[in-house]
Number of protein chains: 2
Amino acid sequence: MNELDERKIKILTAIIENYLETGEPVGSRTISKYSDLNLSSATIRNEMSDLEELGYILQPHTSAGRIPSDKGYRLYVDSLMQQKESEVAELKTLMIERQDKMESVLKQIARVLAANTNYAAMITAPQYHQNKVKFIQLSQVDSTHILAVIVIEGNIVKNKIFSVAERLTSETLFRLNFLLNTNLNGLSLEQITLGTIAQMKEQAGVHSDVVSHVIDAVAEAIREDNDMEVYTSGATNIFKYPELSDQARASELISAFEEKQQLLSLAQKSLENTSETGIQVYIGNESPVKNMKDCSVVTATYDLGGGMQGTIGIIGPKRMDYENVVDTLKTLMKQLDTLLGDK
Amino acid sequence: MNELDERKIKILTAIIENYLETGEPVGSRTISKYSDLNLSSATIRNEMSDLEELGYILQPHTSAGRIPSDKGYRLYVDSLMQQKESEVAELKTLMIERQDKMESVLKQIARVLAANTNYAAMITAPQYHQNKVKFIQLSQVDSTHILAVIVIEGNIVKNKIFSVAERLTSETLFRLNFLLNTNLNGLSLEQITLGTIAQMKEQAGVHSDVVSHVIDAVAEAIREDNDMEVYTSGATNIFKYPELSDQARASELISAFEEKQQLLSLAQKSLENTSETGIQVYIGNESPVKNMKDCSVVTATYDLGGGMQGTIGIIGPKRMDYENVVDTLKTLMKQLDTLLGDK
DNA sequence: TGTTAGCACTCCTTCAAAACGAGTGCTAAC
DNA sequence: GTTAGCACTCGTTTTGAAGGAGTGCTAACA
């Protein structure tokens with residue numbers, strides 16, 4: 001049996017769209033008046049009764065109107081996505097360096113997104129996969145400290161300062177630099193074996209501790225990307241939606257924003273599931289972050305080439321203006337290209 | 001005329017302490033019963049009437065008890081501070097490096113503070129004054145990109161990657177490194193004159209553009225500290241205090257936490273005003289951040305020597321447990337020493 | 001003169017009942 | 001299959017009364 005005939009879909013859509021606007025349960029009369037179906041409220045009531053039985057809408061209490069269930073939203077969003085699917089495919093880009101500027105650009109994006117949509121926004125810095133060491137440089141910064149600079153693919157730079165017992169001669173430094181670069185360049189974390197390390201330590205002789213420090217730093221540099229920064233903005237927008245702004249819910253949500261760890265796991269999840277369009281929607285309990293069970297989350301994955309990808313997210317009430325959000329995210333991707341893609 | 005006699009002070013203190021506990025307006029009867037003054041509620045009422053006229057307490061409405069005014073809190077806090085003043089003087093310390101660890105330590109501190117006090121906490125990374133360049137290193141990371149690493153006093157490391165038209169020979173790099181280090185080391189931003197720069201460019205010949213980039217990077221490195229990071233935790237604790245958790249106030253407060261800029265200006269202010277104890281209290285409208293007009297803010301300045309100082313802040317309701325917060329901050333300072341001071 | 005008991009008064013809070021109204025389900029007629 | 005109509009449900013708002021905490025004032029007391 002085909003669960004939903006065309007009329008039911010029209011009615012369901014009308015209910016959802018109306019609810020998106022008002023945030024109030026919507027009654028049969030409203031639909032009868034404001035849809036182009038020309039049906040009486042009684043007929044609508046019958047259909048609504050069916051829709052409820054099928055689980056697409058629900059009634060907060062007897063004698064209230066109906067609101068969409070997660071299942072209902074899901075149907076709505078899926079069909080919306082289909083319409084837009086084609087446009088996004090060609091958005092992929094690549095970009096370069098400017099890590100220092102990256103941070104402020106990302107913050108800016110989050111701010112713009114939040115302001116434009118009136119929802120809360122988050123954005124993660126690109127996460128790098130299969131990072132390879134590109135360049136290592138040791139320098140003596142003062143009599144007892146060595147600075148190790150590690151550049152990894154994508155021109156991400158990490159530093160580490162560590163102590164040494166006594167000043168190294170410049171020949172020693174040169175030798176160590178050469179040793180490290182010839183052995184490590186082009187390797188990813190997985191490719192650096194204990195064998196390689198042991199061999200390098202042997203060659204470094206009395207300075208094997210320096211090698212250890214550098215290996216540590218490399219591991220840290222490559223791994224650290226995994227708990228990379230996430231920037232948020234507009235968290236207070238949730239107060240604009242009564243269904244989210246009671247004390248308990250607001251507190252839960254705000255704390256999700258504060259504990260960036262949770263947002264990161266959301267981003268992570270979203271990277272894993274990535275769809276063709278790069279855009280995903282989590283409705284209510286579908287969200288990987290349990291604190292957001294009363295919200296919807298729309299995520300977009302941006303891919304800058306070279307395995308550098310990050311996540312943008314919009315968090316809002318279930319009655320989010322999905323269409324607008326999806327469009328905004330797409331437009332944004334384009335701007336991202338312009339901003340980050342050239343110099 | 002001496003505004004307050006001893007009895008009035010006792011009564012005021014009793015009112016404040018009672019209000020700190022309960023968060024409810026306190027009436028004359030309560031004071032009469034729970035203070036050691038052995039006065040009837042009627043007498044207390046007379047005194048309270050005086051105290052109100054003097055502006056130390058106020059009545060939310062007729063037939064409610066009294067609550068402390070900002071002026072009242074101020075008196076209470078000031079006398080509290082006097083008692084503790086002596087202890088803190090010797091807390092100053094110095095510390096070194098480990099910039100990479102710094103971030104996680106700071107976050108950790110914010111979290112601990114928020115959890116211990118049940119208020120919201122913030123902490124800024126140390127801000128450096130009169131920074132001097134310690135060491136500069138240029139390296140060729142690939143055929144068209146140069147990495148400039150700048151180490152400034154306090155072992156803070158900044159990087160910048162920029163493009164060059166063609167690969168530089170290693171002699172050229174060596175020469176430029178030597179040029180930059182001999183000319184810039186030991187100088188602060190103010191000490192780098194246009195004359196110095198012109199001279200260096202001349203010596204650099206065709207590579208004068210590299211010098212420009214490095215100068216840019218140095219300026220950025222030193223200045224960037226001024227909009228340094230601030231970490232927060234426990235923002236949601238404000239929901240524990242009914243007088244702060246109505247929608248309007250909560251939203252205002254949370255947005256102050258999100259807009260780190262505001263917190264930074266708070267930290268800045270607190271650095272400027274620094275008192276002998278390093279601890280300051282802003283009550284209500286005294287706060288430099290207007291969004292916090294319904295809160296109190298306790299800030300502590302930590303000084304790691306070498307002009308490196310930062311700010312720790314606790315943000316909570318006006319009926320904050322000042323005594324406990326001040327103590328906690330002091331204990332924390334000690335732990336900070338242990339954590340950052342060695343290694 | 002300072003302290004206290006007593007009392008009338010204010011005004012917030014709580015509670016329950018009543019009025020309201022939005023929306024439904026069902027039935028009967030078209 | 002559609003619709004009008006009506007009784008009914010149930011959340012929300014309004015209203016008024018009761019309760020209670022706390023005050024200010026006055027008069028008496030030490």
Side-chain angles (χ1 to χ4, degrees), chain A residues 1-2 4-12 14-16 18-19 21-69 72 242-243 245-246, chain B residues 1-2 4-12 14-16 18-19 21-69 72 242-243 245-246:
Chain A
M1 153 216 182
N2 197 338
L4 294 175
D5 57 27
E6 194 169 341
R7 195 171 74 176
K8 281 201 173 51
I9 290 184
K10 273 195 179 161
I11 292 175
L12 178 56
I15 292 173
I16 294 181
N18 195 288
Y19 182 67
E21 273 175 40
T22 65
E24 300 284 302
V26 9
S28 51
R29 186 115 193 296
T30 317
I31 300 301
S32 143
K33 270 204 298 201
Y34 294 103
S35 79
D36 51 358
L37 289 166
N38 278 333
L39 295 173
S40 78
S41 64
T43 313
I44 303 287
R45 275 203 291 282
N46 291 332
E47 295 287 43
M48 281 166 90
S49 177
D50 292 355
L51 283 170
E52 181 165 10
E53 202 174 329
L54 291 169
Y56 290 100
I57 54 182
L58 31 93
Q59 217 173 357
H61 55 83
T62 19
S63 87
R66 308 301 213 288
I67 62 174
S69 68
E243 70 268 44
S245 58
D246 68 291
Chain B
M1 154 215 181
N2 199 339
L4 293 176
D5 57 26
E6 194 168 341
R7 196 170 74 176
K8 282 200 173 53
I9 289 183
K10 272 195 179 161
I11 292 175
L12 179 56
I15 293 174
I16 294 181
N18 196 289
Y19 182 67
E21 272 174 40
T22 65
E24 299 285 302
V26 11
S28 52
R29 187 116 192 295
T30 317
I31 300 302
S32 144
K33 271 205 296 203
Y34 293 103
S35 79
D36 51 357
L37 290 166
N38 278 331
L39 295 174
S40 77
S41 64
T43 312
I44 303 287
R45 275 204 291 284
N46 290 332
E47 295 287 42
M48 281 165 90
S49 175
D50 292 354
L51 283 171
E52 182 165 9
E53 203 174 330
L54 292 168
Y56 291 101
I57 54 182
L58 30 93
Q59 216 173 356
H61 56 83
T62 19
S63 88
R66 307 304 214 286
I67 62 174
S69 68
E243 70 268 44
S245 57
D246 69 291

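Basis for what follows: all heavy atoms, side chains included, without hydrogens, waters or symmetry-related copies. A, B, ... follow the sequence lines: proteins, then strands. Residue 1 opens every chain.
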Exercise for review: Please report, rounded to the nearest Å, how far the P atom of C/dT4 is from the CZ atom of B/Arg45.
Suggested key: 12 Å
Practice item. Answer yes or no: side-chain N or O of B/Ser63 and base N or O of C/dT10 forming a donor-acceptor pair under 3.5 Å. Key: yes
Practice item. Determine, stepwise, if the pair A/Arg7 / A/Thr43 fulfils side chain to side chain contact (heavy atoms under 4.5 Å, CB included). Key: CA-CA 11 Å; A/Arg7 195 171 74 176; A/Thr43 313; 3.9 Å; yes
Practice item. Please tell me if the side chains of A/Tyr56 and A/Leu4 come closer than 4.5 Å, counting only heavy atoms from C-beta onward. Key: yes
Practice item. Measure from the side-chain heavy atoms of A/Ser40 and tell me the nearest of C/dT24, D/dA4, C/dG25. Key: D/dA4
Practice item. Could you state the atom-to-atom distance from CD of B/Glu24 to C1' of D/dA21 in whole Å? Key: 11 Å
Practice item. Would you tell me if any nitrogen or oxygen in the side chain of B/Ser28 comes within less than 4.0 Å of OP1 or OP2 on D/dT23? Key: yes
Review point. Hey, where does DNA chain C pair up into stems, meaning at least three consecutive Watson-Crick or G-U pairs with distances under 3.5 Å?
Key: C:1-30 with D:1-30
Check your understanding: Heavy-atom distance under 4.5 Å between the side chains of A/Arg45 and A/Ser41, does that happen here?
Key -> yes
Check your understanding: Can a donor-acceptor pair under 3.5 Å be found between the side-chain atoms of A/Arg29 and the base atoms of D/dG5?
Key -> no
Point to revise | Separation of D/dT2 C1' from A/Glu47 CD (nearest whole Å) | key: 11 Å
Check your understanding: At what distance, to the nearest 0.5 angstrom, does OG of A/Ser245 lie from CG of B/Asp246?
Key -> 11.0 Å
Review point. Between C/dT1 atom C1' and B/Arg7 atom CZ, what is the distance in whole Å?
Key: 12 Å
Exercise for review: Assign each of B/Asn38 and B/His61 to its nearest nucleotide of DNA chain C by heavy atoms, then name whichever residue's nucleotide is nearer the 5' end.
Suggested key: B/Asn38
Point to revise | Spacing between B/Arg66 atom CZ and D/dG24 atom P, to the nearest angstrom | key: 5 Å
Review point. With sugar-phosphate meaning primed atoms plus P, OP1 and OP2, does B/Ala42 contact a base, only sugar-phosphate, or nothing at under 4.0 Å between heavy atoms?
Key: base
Point to revise | Atom pair distance, as rounded to whole Å: CD in A/Gln59 and P in C/dT24 | key: 6 Å
Practice item. Look up atom NZ in B/Lys33 and atom OG in B/Ser40, then write down how far apart they are to the nearest 0.5 Å. Key: 13.5 Å
Exercise for review: Using atom NZ of A/Lys33 as one end and atom P of D/dA4 as the other, report the distance to the nearest whole Å.
Suggested key: 14 Å
**Study point:** Length of the CD1-C1' vector between A/Ile67 and C/dG23, whole Å
**Key:** 15 Å
Practice item. Kindly compute the distance separating NZ (A/Lys10) from CG (A/Asp5), expressed to the nearest 0.5 Å. Key: 11.0 Å
Review point. So do B/Met48 and B/Ile15 actually touch side chain to side chain, heavy atoms under 4.5 Å?
Key: yes
Check your understanding: Counting any heavy atom closer than 4.0 Å, what does B/Thr43 reach on the DNA or RNA strands: base, sugar-phosphate only, or nothing?
Key -> base
Exercise for review: Go through C/dG25, C/dC11, D/dT9 for me and flag the one nearest to the B/Thr62 side chain.
Suggested key: C/dC11
